[in-house]
Amino acid sequence: MIIDFLQQIFNGLVVGSIYTLIALGLTTIFGILGIAHFAHGSVAMFGGYLVFFLISALGIGLLPSFVLAMMCGALLGVVLERVAYYPVRNAPPINSFIIALGLTLIIEKANLLAFGVDQVIIPTPFGRVFSVGGVTMPELRIYVLLTAAVLVGGMTLLIQRTWIGKAVRAVAQNRPAAVLMGINVNSVSMFVFALSSALGVAAGVLIGALFAVAPGVSEGLVVKGFAVLILGGLGSIPGAIVGGMVLGVTEAFSAAFISSGYKDVISFLLMIAVLLVRPEGLMRGKAQ
């Protein structure tokens, strides 16, 4: 029994790490700019499709494709911010809400036109399976967990220890004061979208390698991202990390011990229960 328990914790942490990457992008944009970026899931799927194309059609290695896709994702994020969200920055929030929904459809259909309608799995050379104390650990899942941990740690250091990170936190805490202190809000906004989109693309690649990239996946992914966002606390980066792991582990236990068909229901029931007890989320706070 204890082996099964540990096995599901490992499986849940792997999936939860991907949810964390998605939620970090969402919470950064929402906590700093106040935008519910629903197209984030479609951006993630773009990354998965792109890496599959680079590997299968152009013969580029997995790691170079991964890095190139994150760079393309960052560029896409800047384009979305400049073209779609910047013109309505001072407009009522409903404007950016409608634009976010429109972008979701546009990017989703662009993915279909560019990469086709077939489900694809990103090929990887990681086929070994390890057993640690009876817990089965596929090599691919280990690399997924490590990659997500490196990206989360890198983002945390970037936000906490660099000058651009300090500027981002200043804008999040008090935009008018940040402007008076000489911080370029336009540059911060572009940086936030670039960083968030790069993380979203990374999550899409990990999903494509671990499961599959397919039409319609983006909707469920962004819903899970917002669930983590709410569970952890709106605008809280530590909350996104904790919430992603909690959601992933809950889904793993639900699928293993109850039914895979009810894992989403049980996960959202957990979210509702947490919010009833702690409406501000598990880790209340602004984006750090």
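For reference, positions follow the sequence shown, starting with 1.
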### Query
Would one find more than 12 heavy atoms of other residues, nucleotides or ligands at under 6.0 Å from atom CZ of Phe130?
yes
So CZ of Phe257 and CZ of Phe5: to nearest 0.5 Å the spacing works out to 8.0 Å
Result for side chain to side chain contact (heavy atoms under 4.5 Å, CB included) between Phe191 and one of Leu158, Val78, Thr28 points to Leu158
**Prompt:** Is a side-chain donor or acceptor of Gln7 paired with a backbone partner of Thr136 at a separation under 3.5 angstrom?
**Reply:** yes
Any side-chain heavy atom of Ile22 within less than 4.5 Å of one from Val228?
no
| task | Using atom types as modelled and distance alone, determine if a side-chain donor or acceptor of Thr104 lies under 3.5 Å from a backbone N or O of Ala100. | result | yes
In short, Leu112 meets Pro215 closest at the heavy-atom pair CD2-CG, 3.4 Å
* Main-chain N/O of Ile159 paired with Arg169 side-chain donor or acceptor, under 3.5 Å -> yes
Note: Gly47 and Ala69 closest approach over all heavy atoms is O-CB, 4.3 Å
To the nearest 0.5 Å, atom CG of Leu50 lies from atom CD1 of Ile122 at 9.0 Å
Answer whether the closest heavy-atom distance between the side chains of Glu81 and Val79 falls below 4.5 Å.
-> no
Original post:
Hey, does Lys166 have a side-chain heavy atom less than 4.5 Å from the side chain of Ile183?
Top reply: no
All heavy atoms of Ile55 vs all of Ser65, minimum pair found to be CG1-OG, 3.7 Å
ask   = Are side-chain heavy atoms of Phe193 and Arg82 found at a separation under 4.5 Å?
value = no
Distance col, row Thr147:OG1 vs Ile142:CD1, nearest 0.5 angstrom, shows 11.5 Å
For this session: Please assess Leu101 against Leu105 for the test side-chain contact (heavy atoms from CB on, under 4.5 Å), listing each intermediate value before the final yes or no.
Result: CA-CA 7 Å; Leu101 294 178; Leu105 297 176; over 6 Å; no
Go through the steps for Leu210 and Arg141 under the test side-chain contact (heavy atoms from CB on, under 4.5 Å), then give the verdict. CA-CA 7 Å; Leu210 193 59; Arg141 286 182 173 254; 3.5 Å; yes
Determine whether a donor-acceptor pair (N or O, by modelled atom type, separation under 3.5 Å) exists between the side chain of Ser218 and the backbone of Gly41. no
When rounded to the nearest 0.5 Å, the distance separating OG of Ser96 from CD1 of Ile35 is 5.5 Å
Minimal heavy-atom distance between Ile3 and Gly133, with the atoms involved, is CD1-O, 3.0 Å
Within a strict 4.5 Å, meaning less than it, do heavy atoms of the Met70 and Leu151 side chains meet?
yes
Rounded to the nearest 0.5 angstrom, the CD1-CG distance for Ile207 and Leu221 is 4.0 Å
Note to self: Between Thr124 and Tyr143, is there a side-chain heavy-atom distance shorter than 4.5 Å?
What the structure shows: no
Q.
For Ala23, is there any backbone N or O sitting under 3.5 Å from a side-chain donor or acceptor partner on Thr27?
A. no
- Path from Val83 to Met190 over hydrophobic side-chain contacts below 4.5 Å: no
Sidechain-backbone polar pair: Thr156 side chain, Val152 backbone, donor-acceptor under 3.5 Å: yes
Between Ala84 and Leu103 the two heavy atoms that sit nearest each other are CB-CD1, 3.7 Å
Taken to the nearest 0.5 Å, the spacing of Met245 CE from Leu13 CG works out to 6.0 Å
side-chain contact (heavy atoms from CB on, under 4.5 Å) between Ser131 and Met137, worked out: CA-CA 6 Å; Ser131 180; Met137 296 184 176; over 6 Å; no
**Prompt:** Any cation-pi pair here, Arg89 with Tyr86, using under 6.0 Å and within 45°?
**Reply:** no
When hydrophobic residues are tied together by side-chain contacts of less than 4.5 Å, even through go-betweens, does Leu63 share a cluster with Leu206?
no
Notebook entry, point to check: Are side-chain heavy atoms of Leu76 and Phe46 found at a separation under 4.5 Å?
Noted result: yes
(request) Kindly say whether the aromatic ring centers of Phe97 and Phe38 come within a distance under 6.0 Å. (result) yes
Run Tyr85 and His37 through side-chain contact (heavy atoms from CB on, under 4.5 Å) and show every step you take. CA-CA 10 Å; Tyr85 290 115; His37 185 41; 2.9 Å; yes
Q. Val205, Leu146: one ILVMFWY side-chain cluster at the under-4.5 Å cut-off?
A. yes
Exercise for the section: Establish whether Ile121 and Phe52 are linked, either directly or via other cluster members, by ILVMFWY side-chain heavy-atom contacts under 4.5 Å. Expected result: no
- Once the angle between the rings of Phe115 and Tyr49 is folded into 0 to 90°, is it parallel (under 30°), tilted (30 to 60°) or perpendicular (over 60°)? parallel
Requested in this report: Report whether Val120 and Val201 are members of the same hydrophobic cluster (ILVMFWY, side-chain heavy atoms less than 4.5 Å apart, transitive linking).
Outcome: yes
Using side-chain heavy atoms (C-beta onward) and a distance below 4.5 Å, is Leu269 in contact with Val265? yes
Does Phe126, at its CZ atom, have more than 12 non-hydrogen atoms belonging to other residues, nucleotides or ligands within less than 6.0 Å? yes
